Student: 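Handing you a structure now.
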Amino acid sequence: MRAIAVLGVATALAVALPTAAQAGTSPITVPGYEFSLIGEHNLAGTTRYAGTTVGGITGVDYDESSGGFRLLSGDRADARFYTGTFSLSGACPKPALTGVGKLRKADGTRFAGVDPQALRYDAATGHVLWADAGDRTRKVDPSVREAAGNGAFVGQFATPDVQKVAVDGVGAQSGKSLSGLTLTSDGQVLTALRGPLAQDGDATRLTLHDRASGDPLVQFAYLPDAVAGNGVSEILAVADSRFLVLEQAGVNSAKLYEIDFALGATNVADLPSLAGQTYQPVAKRLVLDLTRLGLSTVDDLEAVTWGPTLSDGARTLVFVSDNKLKYYKRTQLIAVKVRLS
């Protein structure tokens, strides 16, 4: 019988990450950014907390004001998120789990059969927004839902018509549906599909939703790198019109791109199909290839959040991998120091 790692409330992930100096990496500098590795933490696939297996992480978000973070598990049979603290001591992140929220339907029953793929905490409401990729085989549309701090159902955003899966050959594809979610600087919600809709050719779509109503406002086309298995894992607001997009195609393939809507892009919301159409996609530029950070392996990264601010004023990014809830695979947490200019 294999050993099971059982987490206590105060020791959930409390293993210090090595500092950048210990990791021995040189900063990676591009216009506007300087990145350097803080370190990594590996969470065993057998880790247990509050009667659940901690793994299959597809979303992460950190709240600077409270020092709290949330990890979303993509467990389709038991949709849930973990809460915890994520403080810095000597530039080493020391996270610890403190609770688990079970995501529930409007009638109070637990969600099962959903595909949780992204999560953000809205400090203005104390609520959690989470993306469900849906299920094409069961004709379940992708959607963004809102939950209370304990996981109780609050509301659901409207799914853009072009993403609905009722008609064969149209809508979100299996494995290429909702994957990224972020709150914009002005309080709206931006979502990203992992890959193209069935009718869209090579481009995927980014959708801006009104935070209050959940209605889609505009859509833009984004072109992921043409690499087998590659797609958008997550999107993260930087400031104003700038966002970071995480792409990956599996192990040792994660890349971070910056997009800036101020550079111009066509609103494609009224185009039922992008294939054969003329439009201006969102411009992107590579800012970080995570394989250059000096790590021996970069796992299947599915989530990223801004982490704690360092004592010298630099920001941090925390990336988390998805171990697919396999007991023999780790969950990798990578912390990166970021200087913005």
Side-chain angles (χ1 to χ4, degrees), residues 56 58-59 72 74-76 79 103 105 111-120 129-146 155-182 188-210 214-235 243 245-250 259 265-277 279 281-282 300 302-303 322 324:
T58 54
L72 178 70
D75 188 346
R76 298 188 183 204
L103 293 164
K105 301 177 184 177
F111 274 108
V114 292
D115 189 4
Q117 287 296 315
L119 171 147
R120 295 296 174 200
L129 299 173
W130 62 284
D132 172 16
D135 188 331
R136 185 165 192 98
T137 60
R138 296 191 298 117
K139 303 297 184 184
V140 178
D141 293 328
S143 64
V144 175
R145 296 189 178 93
E146 183 173 357
Q156 182 169 326
F157 284 20
T159 300
D161 289 340
V162 293
Q163 295 179 15
K164 294 179 179 179
V165 299
V167 178
D168 290 343
V170 177
Q173 302 188 78
S174 297
K176 299 180 181 181
S177 188
L178 266 183
S179 184
L181 171 69
T182 192
Q188 307 299 349
V189 177
L190 185 66
T191 64
L193 298 173
R194 177 171 177 82
L197 299 175
Q199 69 272 27
D200 272 353
D202 297 327
T204 189
R205 298 197 188 210
L206 309 177
T207 305
L208 184 68
H209 291 261
D210 180 74
D215 292 337
L217 300 174
V218 292
Q219 278 189 338
F220 302 97
Y222 176 88
L223 294 171
D225 289 356
V227 176
N230 185 62
V232 175
S233 286
E234 188 57 279
I235 189 166
F243 297 82
V245 178
L246 176 64
E247 294 187 26
Q248 58 90 7
I259 60 174
T266 303
N267 177 9
V268 298
D270 292 331
L271 295 179
S273 171
L274 299 183
Q277 299 294 322
Y279 57 86
V282 175
D300 184 3
E302 288 287 345
D322 178 5
K324 312 299 184 186

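None of the values given here were measured: they were computed from a predicted structure.
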Student: Within the distance-only criterion (no hydrogens, no angle test), does the side chain of S233 pair as donor or acceptor with the backbone N or O of E302 below 3.5 angstrom?
Tutor: no
Student: In the structure I gave you, are the side-chain heavy atoms of D210 and Q188 within less than 4.5 Å of one another anywhere?
Tutor: yes
Student: Counting only N and O atoms by type, is there a donor-acceptor contact under 3.5 Å from the side chain of Q199 to the main-chain atoms of V162?
Tutor: yes
Student: Could you tell me whether the side chain of D141 reaches within less than 4.5 Å of the side chain of Q163, counting heavy atoms only?
Tutor: no
Student: Heavy atoms, side chains only, cut-off 4.5 Å: are V114 and R145 in contact?
Tutor: yes
Student: Output yes when a side-chain donor or acceptor of T207 lies under 3.5 Å from a complementary backbone atom of T191, and no otherwise.
Tutor: no
Student: Once ring pair (Phe, Tyr, Trp, His ring centres under 6.0 Å) is applied, do any residues pair with F220, and if so which ones, sequence neighbours excluded?
Tutor: F261
Student: Does E234 reach the main-chain N or O of L181 with its side chain, forming a donor-acceptor pair under 3.5 Å?
Tutor: yes
Student: Examine distances only and state if a side-chain atom of D115 and a backbone atom of D132 form a donor-acceptor pair shorter than 3.5 Å.
Tutor: no
Student: For S179, does its backbone N or O pair with a side-chain atom of R194 as donor and acceptor, under 3.5 Å?
Tutor: no
Student: Does Q173 use its side chain to pair, donor to acceptor, with the backbone of P196 at less than 3.5 Å?
Tutor: yes
Student: Where the side chain of Q156 meets the backbone of S143, is there a donor-acceptor pair that is under 3.5 Å apart?
Tutor: no
Student: So does K139 pair up with D168, basic N to acidic O under 4.0 Å?
Tutor: yes
Student: Begin with the C-alpha distance, continue with both residues' side-chain angles, and end with the deciding distance and a verdict on side-chain hydrogen bond (donor to acceptor under 3.5 Å, both in side chains) for Q248 and D300.
Tutor: CA-CA 7 Å; Q248 58 90 7; D300 184 3; 2.7 Å; yes
Student: Ignoring hydrogens and geometry, is there a side-chain-to-backbone donor-acceptor pair from R136 to A172 under 3.5 Å?
Tutor: yes
Student: For the pair F111 and W130, name the ring-plane relationship: parallel under 30°, tilted 30 to 60°, perpendicular over 60°.
Tutor: perpendicular
Student: Checking T266 side chain against V268 main chain: does a donor-acceptor pair fall under 3.5 Å?
Tutor: no
